[in-house]
Amino acid sequence: MDVTPFFGHIIDGKEIESADGSRFVTVNPWTRESWAEVALGGALEADLAIAAARRAFDEGPWPRMGFGTRQELLHRLGDLMESHTDELAAADSRDMGKPLAQCRHDVARAALNFRFFADHAKMAVADTLPMDTGHHAYVRFEPAGVVGPIAPWNFALMLETWKVAPALAWGNTVVLKPAEDTPASAAILGRLAIEAGFPDGVLNVVHGYGPDSVGEALTTDPRVDRITFTGETGTGRIIAAAAAKNLTPVSLELGGKNANIVFADAELDNAVDWSIQSIFRNAGQICLSGSRLYVQRPIFDEFLARFVAKAEAMKIGDPLDPTTEFGPLATEEHFTKVKGYLDTVEAEGGRIATGDLGEGWVVRPTVLVDMPLDSTQVREEIFGPVVVVHPFDTEDEVVALANGTPYGLDAQLFTENLSRAHRVSARLDVGTVWVNCSFIRDLRAPFGGVGSSGIGREGGNFSREFFTEPKAVIMQVDSA
Ligand code: NAD
């Protein structure tokens, strides 16, 4: 007899049900059937978790144990995650339909988050400032306190750990709220932290919704010292307003409508391959995806023909099949939203070159051409496997097109002209530029967006700045 898996909250070192026993189900978007039950928390469970994290921070060993001991525990958690790759990857794949091979990659990256930030914190150096007055100043990075990461569903485990790992490495305690559509991997992470020997209350996980639920409780509670959020721009605005009441610092990683620019001198195979990955990986449900593709006119027709052929060749199927490249959208609600953009393509004056709806909640890799620049498909984040392709003539023209959006998360450009690569990179109003590649990350580099794509940067020293209170200590060294 099959037993339905159950995922509880992880609060104060224990896995528990909600006080009133409420549960919700999580749905596999390929089968469109529920596959697990999850404890449904609310303000009460958020309160319990914040209290546990507060106690662990104010009285427990975690902030006081020193970087080396924390480093060992964080590495142990990374090791446990790797040895549970099958379970963690299948959890994310079942929860949101991402192909298993990509979920396995996410688990490796999530484990690396713990290793990298543990090592980074241990090895970080701080400034010492000799002063002309016979004093010297030095900088201490004190842990901020209780951190509340609020995560989206599209890279559940990977983005949760991108926040949790530096927060813990710098001595904070955490109350993590995973997205309601992808609760399973976060619960497994919490179980593994207990197994790794983390002190009680250091890493708490509370399941629930945003408004009037766990998310809102976290963002309005004065016992929370940092809120780090990844999700939609509209939600980011609500969270920033909520946090402002307590003057709680927020880091916001929000939506994108990113330009992908292919110049006529680009190495064509490379540009086509990356452009495909950029918009169709994870069925386009990536904040960084190159959803506005600008191709210089001399190569427009050839590029488009190759791009369409590759899009049509992607292997669509059950995400749990290791050979599947492309799965369904994460939820019925999200499918309906993306479908809405396809329904109006003709009315808005454009044309579908390839793609459209597939089985169930699948939207096939879809390429739109002739879309007017003021159409919703060009202006709004679709967050699905839908790309708008436009020809352009000059560098100035394409820079203006690329920058012509309130978003500014990233941009990609493909060219063999070194001067142009540097020149255009400097002119793009975004947080990250990729030249002749896409999605490549270095955890030391700043990550974040400008404009409607967010506030702040995380990564390397930027994570240290956010998850600590830098303190200047000024000492007299010469009393003569
Ligand atoms: P979402 O904003 O709907 O939800 C994200 C999280 O916020 C969920 O955990 C949700 O429960 C919670 N939430 C919702 N309302 C809340 C409220 N009022 N108070 C507190 N918490 C609340 O986003 P999503 O649909 O899960 O994710 C998709 C979006 O995330 C896209 O816009 C995408 O571009 C963006 N994203 C950005 C990045 C980045 O790094 N910039 C990365 C991934 C995804």
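Read the numbers this way: they start at 1 and go in the same order the structure lists the ligands and their atoms.
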Subject >> Pairs where residues 434-456 contributes a residue and the test ring pair (Phe, Tyr, Trp, His ring centres under 6.0 Å) is met, not counting sequence neighbours >> reply: W162-F447

Sub-4.0 Å heavy-atom contact, [X] with ligand 1:
X	value
P178	yes
G454	no
F155	no
A151	yes

Identify, for [atom], the protein heavy atom at the shortest distance, and state residue, atom and that distance.
atom	value
atom 15 (N) of ligand 1	T235 CG2, 3.2 Å
atom 24 (P) of ligand 1	W153 NE1, 3.4 Å
atom 33 (C) of ligand 1	F383 CE1, 3.2 Å
atom 22 (C) of ligand 1	G210 CA, 3.4 Å
atom 10 (C) of ligand 1	E180 OE1, 3.5 Å

Original post:
Got a protein heavy atom sitting under 4.0 Å from atom 4 (O) of ligand 1?
Top reply: no

Ligand 1 N/O within reach of [X] N/O, cut-off under 3.5 Å:
X	value
K177	yes
L254	yes
T219	no
E232	yes

Original post:
Would you say I50 and V206 make side-chain contact, with heavy atoms under 4.5 Å?
Top reply: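 I50 does not reach V206 side chain to side chain.
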
Original post:
Is any side-chain N of the basic residue among E312 and R364 closer than 4.0 Å to the acidic one's carboxylate O?
Top reply: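 No, E312 and R364 are not salt-bridged.
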
Original post:
Any Lys/Arg nitrogen of E45 or K177 sitting under 4.0 Å from an Asp/Glu carboxylate oxygen of the other?
Top reply: no

Subject >> Ligand-side contact atoms (ligand 1) for residue partner F447, heavy atom cut-off under 4.0 Å >> reply: 40 (O)

Subject >> Listed partners of S463 passing side-chain hydrogen bond (donor to acceptor under 3.5 Å, both in side chains), at least two apart >> reply: none

Subject >> Shortest heavy-atom approach to atom 19 (N) of ligand 1 - which of E253, E216, H207 >> reply: E216

Subject >> From I239, L218, T219, residue fulfilling side chain to side chain contact (heavy atoms under 4.5 Å, CB included) relative to F229 >> reply: I239

**OP:** With rounding to the nearest 0.5 Å, note down the distance linking CZ in R54 to CZ in R223.
**Re:** 9.0 Å

**OP:** For S275 and N260, work out which heavy atoms get closest and say how close.
**Re:** OG-ND2, 3.0 Å

**OP:** May I ask you to check whether T228 and K163 show a side-chain donor-acceptor distance below 3.5 Å?
**Re:**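 Yes.
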
Original post:
Any chance the side chains of E348 and T376 put a donor and an acceptor closer than 3.5 Å?
Top reply: yes

